[in-house]
Asks: 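Right, I'll just put the structure down here and ask away after.
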Amino acid sequence: MARSLDGLVLSPVADQAPGQVGTRTRFRYHEENGRIWADYAGGDVVCGHLVGTREGDRLDFRYVQLKRDGGTSSGHCLSTVGELPDGRVRLDETWEWESREGSGTSVVEELPAGALLEGSDV
């Protein structure tokens, strides 16, 4: 099993569609006894939260976010936790909106130590 997500800051490796998370979005994860949660912000997202569970290297969580245009959206995500060659954590994600149409995949990686949390309140 890959290491704990607790205290890690992760960011998508590519931008999604406008109004969604992107490379300027920062997720600050917490993990305890199989429970995971995170706060996120940056780019088009003013404030976002996710909450769910971890079983082995599999995450199952729901997310909700407030965008800069005032809109809100929510969805469900399944992620596989892996490790990059340099030891950083990588999440391979499959997500689906529940508040609107749409689904997709994304990759989120732990930021290198000392990386600037630019554009984020997280």
Side-chain angles (χ1 to χ4, degrees):
M1 183 165 97
R3 66 188 170 99
S4 173
L5 301 176
D6 195 51
L8 299 184
V9 177
L10 292 87
S11 182
V13 299
D15 288 326
Q16 300 292 322
Q20 298 181 29
V21 300
T23 57
R24 292 177 39 210
T25 309
R26 302 295 186 257
F27 293 79
R28 182 171 301 277
Y29 271 85
H30 304 279
E31 179 176 352
E32 183 177 317
N33 299 324
R35 298 182 306 262
I36 59 154
W37 65 99
D39 297 313
Y40 61 97
D44 288 332
V45 177
V46 173
C47 180
H49 305 282
L50 66 85
V51 62
T53 57
R54 178 177 181 170
E55 190 170 319
D57 287 334
R58 186 95 163 146
L59 307 180
D60 184 343
F61 61 83
R62 294 287 192 296
Y63 56 89
V64 61
Q65 62 190 34
L66 171 65
K67 299 182 301 179
R68 293 204 182 279
D69 67 5
T72 61
S73 48
S74 61
H76 178 238
C77 185
L78 296 173
S79 299
T80 302
V81 183
E83 195 168 293
L84 296 166
D86 64 4
R88 292 180 299 126
V89 168
R90 172 187 168 114
L91 303 180
D92 290 293
E93 303 183 321
T94 301
W95 50 267
E96 182 174 17
W97 292 110
E98 294 179 329
S99 61
R100 61 182 182 174
E101 294 293 319
S103 61
T105 61
S106 55
V107 174
V108 181
E109 293 181 353
E110 178 183 357
L111 292 175
L116 180 64
L117 299 178
E118 181 178 316
S120 172
D121 296 327
V122 177

Asks: Grab the two heavy atoms, one from Glu93 and one from Ser79, that are nearest each other, plus how far apart they are.
Replies: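 Scanning both residues, the minimum pair turns out to be CG-OG, 3.0 Å.
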Asks: Could you give the distance from CG (Leu78) to CG (Leu59), rounded to the nearest 0.5 Å?
Replies: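 So the CG of Leu78 and the CG of Leu59 are separated by 9.0 Å.
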Asks: Tell me the closest heavy-atom pair linking Gln65 and Gln20, and the distance in Å.
Replies: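 That would be NE2-CA, 4.2 Å.
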Asks: Which pair of heavy atoms, one from Arg100 and one from Ser73, lies closest together, and at what distance?
Replies: NE-CB, 4.3 Å
Asks: Can you name the nearest heavy-atom pair linking Leu50 to Phe27, along with the distance?
Replies: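 So the two residues come closest at CD2-CD2, 4.0 Å.
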Asks: Going by atom types alone, do Glu98 and Ser74 pair a side-chain donor with an acceptor below 3.5 Å?
Replies: no
Asks: I'd like to know if the side chain of Arg90 and the backbone of Leu84 have a donor-acceptor N/O pair within less than 3.5 Å.
Replies: no
Asks: Would you indicate whether the side-chain heavy atoms of Tyr29 and Leu91 approach each other to under 4.5 Å?
Replies: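 They are in contact (side-chain heavy atoms under 4.5 Å apart), so the answer is yes.
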Asks: Side chains of Arg28 and His30, heavy atoms from C-beta outward: is any pair under 4.5 Å?
Replies: yes
Asks: I need the Glu96 CD to Glu101 CD distance, nearest 0.5 Å.
Replies: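 The distance works out to 8.5 Å.
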Asks: Identify the two heavy atoms, one from Val64 and one from Tyr40, that lie closest to each other, and give their separation to 0.1 Å.
Replies: O-OH, 3.5 Å
Asks: On a heavy-atom basis, which atom in Ser11 and which in Gly22 lie closest, and how many Å separate them?
Replies: OG-O, 4.2 Å
Asks: Side-chain contact test, heavy atoms from C-beta onward, threshold under 4.5 Å: evaluate it for His76 versus Asp60 and give yes or no.
Replies: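 Yes. Closest side-chain heavy atoms under 4.5 Å.
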Asks: Are any non-hydrogen side-chain atoms of Arg58 and Thr80 less than 4.5 angstrom apart?
Replies: yes
Asks: Without swapping roles, check the side chain of Glu31 against the backbone of Leu5 for a donor-acceptor pair under 3.5 Å.
Replies: yes
Asks: Using the ring-ring contact (aromatic ring centres under 6.0 Å, His included) criterion, which residues pair with Tyr63? Sequence neighbours excluded.
Replies: Trp97
Asks: Check each of Val89, Ile36, Asp92 against Val81 using the side-chain contact (heavy atoms from CB on, under 4.5 Å) test, and report the only one that passes.
Replies: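 That would be Val89; it is the only one of Val89, Ile36, Asp92 passing the side-chain contact (heavy atoms from CB on, under 4.5 Å) with Val81.
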Asks: I need the Glu32 CD to Arg54 CZ distance, nearest 0.5 Å.
Replies: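 Result: 14.0 Å between the selected atoms.
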Asks: Side chains of Thr23 and Asp15: any donor to acceptor distance under 3.5 Å?
Replies: yes
Asks: Determine, using the 4.5 Å side-chain heavy-atom cutoff (strictly less than), whether Leu8 and Val21 are members of one ILVMFWY cluster.
Replies: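 Yes; tracing contacts between hydrophobic side chains, which count when under 4.5 Å, links both residues.
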